[in-house]
There are 2 protein chains.
Amino acid sequence: MDDSKPEQVKSIADLARIGGVSVSTVSRALTGKGALNKDTRERIQALADRHGFKLNVAAQNLRLGRSGAIAVLLPLGHERGQHLSDPFFMVMLGFLADALADRGYDLLLSRVLPQGDDWLDSFIRTGRTDGVIIIGQSNQSAVLDRTAAHYAPMVIWGEQSARNAHITVGTDNQAGGALAAQHLVERGRRRLAFFGNVAVPEFAARYQGFVAALPAELRDTVELVHTHITPQASLEVAAAWFAAGNRPDGLFAASDVVAMSLLSAATDNGLSVPGDLSIIGFDDIPMARLTSPPLTTVAQDIEGGARQLVDLLFRRLAGEDAGSISIAPRLVIRESS
Amino acid sequence: MDDSKPEQVKSIADLARIGGVSVSTVSRALTGKGALNKDTRERIQALADRHGFKLNVAAQNLRLGRSGAIAVLLPLGHERGQHLSDPFFMVMLGFLADALADRGYDLLLSRVLPQGDDWLDSFIRTGRTDGVIIIGQSNQSAVLDRTAAHYAPMVIWGEQSARNAHITVGTDNQAGGALAAQHLVERGRRRLAFFGNVAVPEFAARYQGFVAALPAELRDTVELVHTHITPQASLEVAAAWFAAGNRPDGLFAASDVVAMSLLSAATDNGLSVPGDLSIIGFDDIPMARLTSPPLTTVAQDIEGGARQLVDLLFRRLAGEDAGSISIAPRLVIRESS
DNA sequence: ATGCCTTAAGCAAACGTTTGCAAGCGTCTC
DNA sequence: GAGACGCTTGCAAACGTTTGCTTAAGGCAT
């Protein structure tokens with residue numbers, strides 16, 4: 001009845017012909033949906049295996065009116081022209097990939113250089129994706145809000161704010177900043193500075209939480225040093241800042257990578273950490289323990305965050321009106337403070 | 001003629017009805033393919049813009065018999081259960097995303113835990129993707145070879161070998177190992193060790209090139225220390241190794257992350273770098289210059305590699321029988337050696 | 001033998017595009 | 001004035017699935 005030569009089976013129709021059944025039967029056998037005789041189902045499945053046939057996902061999705069993919073977008077609105085290699089992203093991406101794979105969805109990765117204010121809507125309207133996860137608001141909060149108003153399946157990793165209409169999952173950055181402040185104060189540090197780009201909402205909140213948690217007399221003296229968070233940029237800024245004669249005793253960095261730059265620049269200038277000054281990072285990337293001395297840092301639960309992002313997205317896809325989620329940060333004290 | 005209420009336009013057919021033309025005309029107007037009166041084309045395009053209509057990419061791809069996506073797979077055959085956060089991957093992924101976007105293709109990201117020997121063929125047969133880029137052979141060379149025999153649009157970032165049937169783009173790892181060896185020898189180092197996992201082809205080649213380039217009398221004394229390349233694993237191995245009393249004067253690491261672990265462990269043991277020993281990494285990730293002292297390393301041209309991977313893939317997609325590409329490494333001397 | 005119920009499997013439309021073919025129509029040439 | 005030609009547009013089939021509806025077949029009670 002069915003030949004054993006490995007003839008090319010390109011579609012359900014080919015398999016139906018070979019198996020002597022109709023296409024609907026093959027479809028029901030392979031998807032497991034709908035009523036079908038157990039023997040027939042097994043026979044067709046075996047036949048499909050023998051010919052190495054798999055359903056064409058594209059056609060399947062078209063028919064089902066979905067795309068089977070979730071887009072993960074990295075907007076590079078700030079950091080223009082700078083390549084993001086921060087391990088934070090890789091860790092996040094890894095966990096997202098796993099969480100989406102668990103649900104049978106593909107991960108569509110895209111770095112976007114926001115142009116105008118239509119990039120997000122345009123992307124969504126192509127129907128390439130069933131939902132969107134955005135890593136970081138960058139400087140695109142307005143665009144995100146506009147889209148959120150009519151498009152439900154979108155969640156953003158970033159800073160939560162009452163002013164935002166879009167749904168977020170993210171670390172409580174203010175609380176994180178406060179943890180850093182308290183720790184430095186406990187260590188008796190008084191000449192403080194924050195390194196980061198406060199045009200980015202997450203970093204602004206870290207800075208704000210940091211300042212707010214300081215005793216009143218220190219609040220006005222804390223310096224805000226602007227830097228992008230790439231290794232190159234932050235190292236240059238840090239080197240120039242120390243070269244200018246600045247001699248702080250407590251530094252809080254917007255990210256671990258920036259903290260590593262600070263550590264490097266401080267050491268280059270003959271300062272000892274934590275002898276002369278304390279340095280605190282943010283993220284707790286896996287490499288944070290590899291510096292000398294190992295980095296004290298405010299840890300973000302990236303794995304939990306990724307899981308929450310995906311959970312929330314799928315709840316919203318299902319029509320539920322689920323809201324933003326805030327995750328508590330945790331201070332990890334190592335030897336740089 | 002055409003109303004201005006923002007009525008929901010879900011398909012080319014809706015737009016055709018509103019515009020008073022046929023679906024084929026709309027299709028030709030929006031894709032720019034086929035002959036069409038300039039006025040009509042512009043009128044339809046304006047109409048589409050006004051209604052915020054975009055062609056459905058899924059349907060388009062189905063009709064065109066393609067998927068419009070390229071899969072990037074990270075096989076985790078070795079490093080099981082370990083999460084890869086290495087900046088190398090993020091940098092590579094970023095460049096790949098850009099190169100694919102330039103060609104109008106989506107990037108489908110997938111981490112795979114190889115199960116059995118059918119994971120790759122199964123994935124490909126779903127028709128989810130038009131081509132595959134695999135980052136690292138991991139321990140799956142046999143699977144890759146089997147697939148390469150009947151599936152052309154697949155390129156692998158990794159180690160090139162005459163034994164492999166699959167097409168690769170990658171750094172000449174042996175040459176890279178040789179660069180490290182020559183450099184250490186020039187520095188007068190004699191008690192040498194390599195840290196890495198030689199079950200991974202790239203690392204094996206680095207080790208082999210390293211040993212082969214040493215003067216005969218050193219070749220037998222160089223120690224091979226097995227370690228996974230995650231920060232956690234390599235730091236543990238390095239700490240234990242130093243704790244066991246090993247006192248080398250030249251270390252070559254399979255990656256910069258491993259080198260950072262070595263640096264950290266050496267410092268913890270009161271050894272000075274480069275005073276007591278030299279350390280050389282591999283990759284030249286952006287963070288390599290942030291360590292104290294900054295890391296000497298064998299640089300891989302990741303951007304060039306990504307571009308070559310994509311070029312090669314599209315040449316093969318076009319039917320050309322293009323072959324493997326080897327990229328020369330470059331020694332970057334900083335202060336850890 | 002008839003009718004009814006259950007189970008199994010087929011038919012055909014639909015998802016939203018693209019494109020070969022053909023038709024309509026105006027213009028040009030001789 | 002007739003045929004040829006070029007340009008523009010429409011018709012309908014096709015891409016590979018899923019699924020509501022229908023039919024066929026068999027079993028069982030009457």
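Here is the naming used below: chain letters follow the sequence lines, and residue numbers restart at 1 for every chain.
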Give [X] one of three labels, base, sugar-phosphate or nothing, depending on what nucleic acid heavy atoms sit under 4.0 Å from its own.
X	value
L62(B)	base
A35(A)	nothing
V21(A)	sugar-phosphate

Which listed nucleotide ([options]) is nearest to the side chain of [X]?
X	options	value
T40(A)	dT19(D), dA8(C), dT19(C)	dA8(C)
L64(B)	dT19(C), dT9(D), dG16(D)	dT19(C)
L36(A)	dA9(C), dG10(C), dT19(C)	dA9(C)
I12(A)	dT8(D), dT19(C), dT18(D)	dT18(D)

Here's a test of your reading of the structure: between T25(B) and A59(A), which maps to the more 5' nucleotide of DNA chain D?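 That would be T25(B).
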
Within this structure, what is the [atom1]-to-[atom2] distance between [X] and [N], rounded to whole angstrom?
X	N	atom1	atom2	result
K38(A)	dT6(C)	NZ	P	23 Å
E42(A)	dA9(C)	CD	P	12 Å
N61(A)	dT18(D)	CG	P	10 Å
Q60(A)	dC15(D)	CD	C1'	15 Å
R28(B)	dC21(C)	CZ	C1'	10 Å
R128(B)	dG16(D)	CZ	P	17 Å
D14(B)	dC15(C)	CG	C1'	13 Å
L15(B)	dG10(D)	CG	P	13 Å

Going by the side chain to side chain contact (heavy atoms under 4.5 Å, CB included) test, name the single residue among F95(B), F89(B), F88(B) that passes it with V91(B).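 The option that passes is F95(B).
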
Option passing side chain to side chain contact (heavy atoms under 4.5 Å, CB included) with I133(B) (candidates I156(B), L73(B), V310(B)):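 Of all the options given, the one that passes is V310(B).
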
Short side-chain N/O contact from [X] to OP1 or OP2 of [N], under 4.0 Å:
X	N	result
N56(A)	dT17(D)	no
S27(B)	dT18(C)	yes
K33(A)	dT19(D)	yes

Taking atom types as modelled, find out whether [X] and [Y] have a side-chain donor-acceptor pair closer than 3.5 angstrom.
X	Y	result
S27(B)	S24(B)	no
D14(A)	H51(A)	no
W119(B)	Q140(B)	yes

When only distance counts, do a donor and an acceptor, one from the side chain of S11(B) and one from the base of dC15(C), lie under 3.5 Å apart?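 Check fails, no donor-acceptor contact within cut-off.
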
Check this for me: does the side-chain of R63(A) come within 3.5 Å of the base of dG16(C) through a donor and an acceptor?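 Per atom types, no contact qualifies.
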
Do I70(A) and L108(A) have side chains that approach each other closer than 4.5 Å (heavy atoms only, starting at C-beta)?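 I70(A) does not reach L108(A) side chain to side chain.
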
